[in-house]
Undergrad: 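Encoded as structure tokens, here's the structure I'll be asking about.
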Amino acid sequence: YKNNIVNIYSDIIYNSFRYYNQGNDANSIIHPFTLLNINFNKEINIFNNILLINLAINNILNTNYQYVRNYPMPGINYNLSLNYRINKWK
């Protein structure tokens, strides 16, 4: 069992306005938005195998946004994943 440092990653996604019809008039705009996401992961060695724990927190500012008109996207959301890699014995 070996402990190591937690890795932290973040990203900022900016999407400028877009038109939702071919006429590109000012009344057919989907408003711009900015998203902030953060991701934590940690590798743990267990009996020569590796357990990877990953926690992602998406849209941490709880931004209301749409990529497609009238289809709202989720607010703040979480994703926890575990990945266990079994290594062959040497």
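As a basis for the values below, the full set of heavy atoms in this structure was taken, side chains included, without hydrogen atoms, waters or symmetry mates. The structure presented is a predicted model; accordingly, all values stated were derived computationally and were not measured.
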Undergrad: Say you draw a straight line from CD of Glu43 to CG of Asn7; how long is it, rounded to the nearest 0.5 Å?
TA: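 Between Glu43 CD and Asn7 CG, I get 8.0 Å after rounding to 0.5 Å.
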
Undergrad: Consider only side-chain N and O atoms of Asn48 and Asn87, and report whether a donor and an acceptor are under 3.5 Å apart.
TA: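 The criterion, which ignores hydrogens and geometry beyond distance, is not satisfied for Asn87 and Asn48.
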
Undergrad: Hydrophobic cluster mates of Ile29, side-chain heavy atoms under 4.5 angstrom, ILVMFWY only, any path?
TA: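 Phe17, Tyr19, listed by chain and number.
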
Undergrad: Would you compute the distance between atom CG of Leu36 and atom OG1 of Thr34 and round it to the nearest 0.5 angstrom?
TA: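 One finds 9.5 Å between CG of Leu36 and OG1 of Thr34.
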
Undergrad: Are Phe47 and Ile86 in one and the same hydrophobic cluster, where Ile, Leu, Val, Met, Phe, Trp and Tyr link if side-chain heavy atoms are under 4.5 Å apart?
TA: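 In one cluster with Phe47: Ile86, yes.
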
Undergrad: Looking only at heavy atoms, which two atoms of Tyr84 and Ile46 are closest? And how far apart?
TA: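 Smallest heavy-atom distance, with atoms named: OH-O, 3.9 Å.
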
Undergrad: May I ask you to test the Tyr14-Pro32 pair for a side-chain heavy-atom distance under 4.5 Å?
TA: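 Side chain of Tyr14 against side chain of Pro32, heavy atoms only: contact under 4.5 Å found.
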
Undergrad: List in chain and number order the residues that pass side-chain hydrogen bond (donor to acceptor under 3.5 Å, both in side chains) with Asn79, two or more places apart in sequence or in another chain; answer none if no residue qualifies.
TA: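 Counting only residues at least two positions away or on another chain, Asn79 forms no side-chain hydrogen bond (donor to acceptor under 3.5 Å, both in side chains).
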
Undergrad: Taking side-chain hydrogen bond (donor to acceptor under 3.5 Å, both in side chains) as the test, write out the residues that go with Asn83, two or more places apart.
TA: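 Asn83: no side-chain hydrogen bond (donor to acceptor under 3.5 Å, both in side chains) contacts found.
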
Undergrad: Could you label the plane-to-plane angle of the Phe33 and Tyr67 rings as parallel, tilted or perpendicular, counting under 30° as parallel and over 60° as perpendicular?
TA: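 Judged by the thresholds at 30° and 60°, the geometry between Phe33 and Tyr67 is perpendicular.
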
Undergrad: Other members of the hydrophobic cluster containing Tyr9, with the 4.5 Å side-chain heavy-atom rule, please.
TA: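 Members besides Tyr9: none; it forms no cluster.
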
Undergrad: Does Leu35 belong to the same Ile/Leu/Val/Met/Phe/Trp/Tyr cluster as Ile38, with side-chain heavy atoms less than 4.5 Å apart forming each link?
TA: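 No; tracing contacts between hydrophobic side chains, which count when under 4.5 Å, never links both residues.
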
Undergrad: Under a 4.5 Å side-chain heavy-atom rule over Ile, Leu, Val, Met, Phe, Trp and Tyr, are Phe40 and Leu82 clustered together?
TA: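 Yes.
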
Undergrad: Rounded at 0.5 Å granularity, tell me how far CG in Asn15 sits from NE2 in His31.
TA: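 Interatomic distance, Asn15 CG to His31 NE2, rounded to 0.5 Å: 13.0 Å.
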
Undergrad: Output side-chain donor-acceptor pairs under 3.5 Å for residues 52-61, partner residues at least two apart or in another chain, one line each.
TA:
{"unit_1": "Asn58", "atom_1": "ND2", "unit_2": "Asn77", "atom_2": "OD1", "d": "3.1"}
{"unit_1": "Asn59", "atom_1": "OD1", "unit_2": "Asn62", "atom_2": "N", "d": "3.4"}
{"unit_1": "Asn59", "atom_1": "OD1", "unit_2": "Thr63", "atom_2": "N", "d": "2.8"}
{"unit_1": "Asn59", "atom_1": "ND2", "unit_2": "Thr63", "atom_2": "O", "d": "3.0"}
{"unit_1": "Asn59", "atom_1": "ND2", "unit_2": "Pro74", "atom_2": "O", "d": "3.2"}

Undergrad: Atom CD1 in Ile44, atom CG in Leu51: separation rounded to 0.5 Å?
TA: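 Between atom CD1 of Ile44 and atom CG of Leu51 there are 5.0 Å.
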
Undergrad: Can you tell me how far the CD atom of Gln66 sits from the CZ atom of Arg18, to the nearest 0.5 Å?
TA: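 These two atoms lie 10.5 Å from each other.
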
Undergrad: To the nearest 0.5 Å, tell me how far Asn24 CG sits from Asn27 CG.
TA: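 Rounded to the nearest 0.5 Å, the CG-CG separation comes to 12.5 Å.
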
Undergrad: If you link ILVMFWY side chains whenever their heavy atoms are less than 4.5 Å apart, which other residues fall into the same cluster as Ile50? By chain and number, please.
TA: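 Its cluster partners, ordered by chain and number, are none at all.
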
Undergrad: According to a 4.5 Å side-chain heavy-atom criterion applied to Ile, Leu, Val, Met, Phe, Trp and Tyr, with indirect links allowed, do Tyr71 and Tyr20 form part of one hydrophobic cluster?
TA: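 Each belongs to a different hydrophobic cluster.
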
Undergrad: Is it the case that over 12 heavy atoms from other parts of the model lie below 6.0 angstrom from the CG atom of Asn64?
TA: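 Atom CG in Asn64 is not packed in, count stays at 12 or less.
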
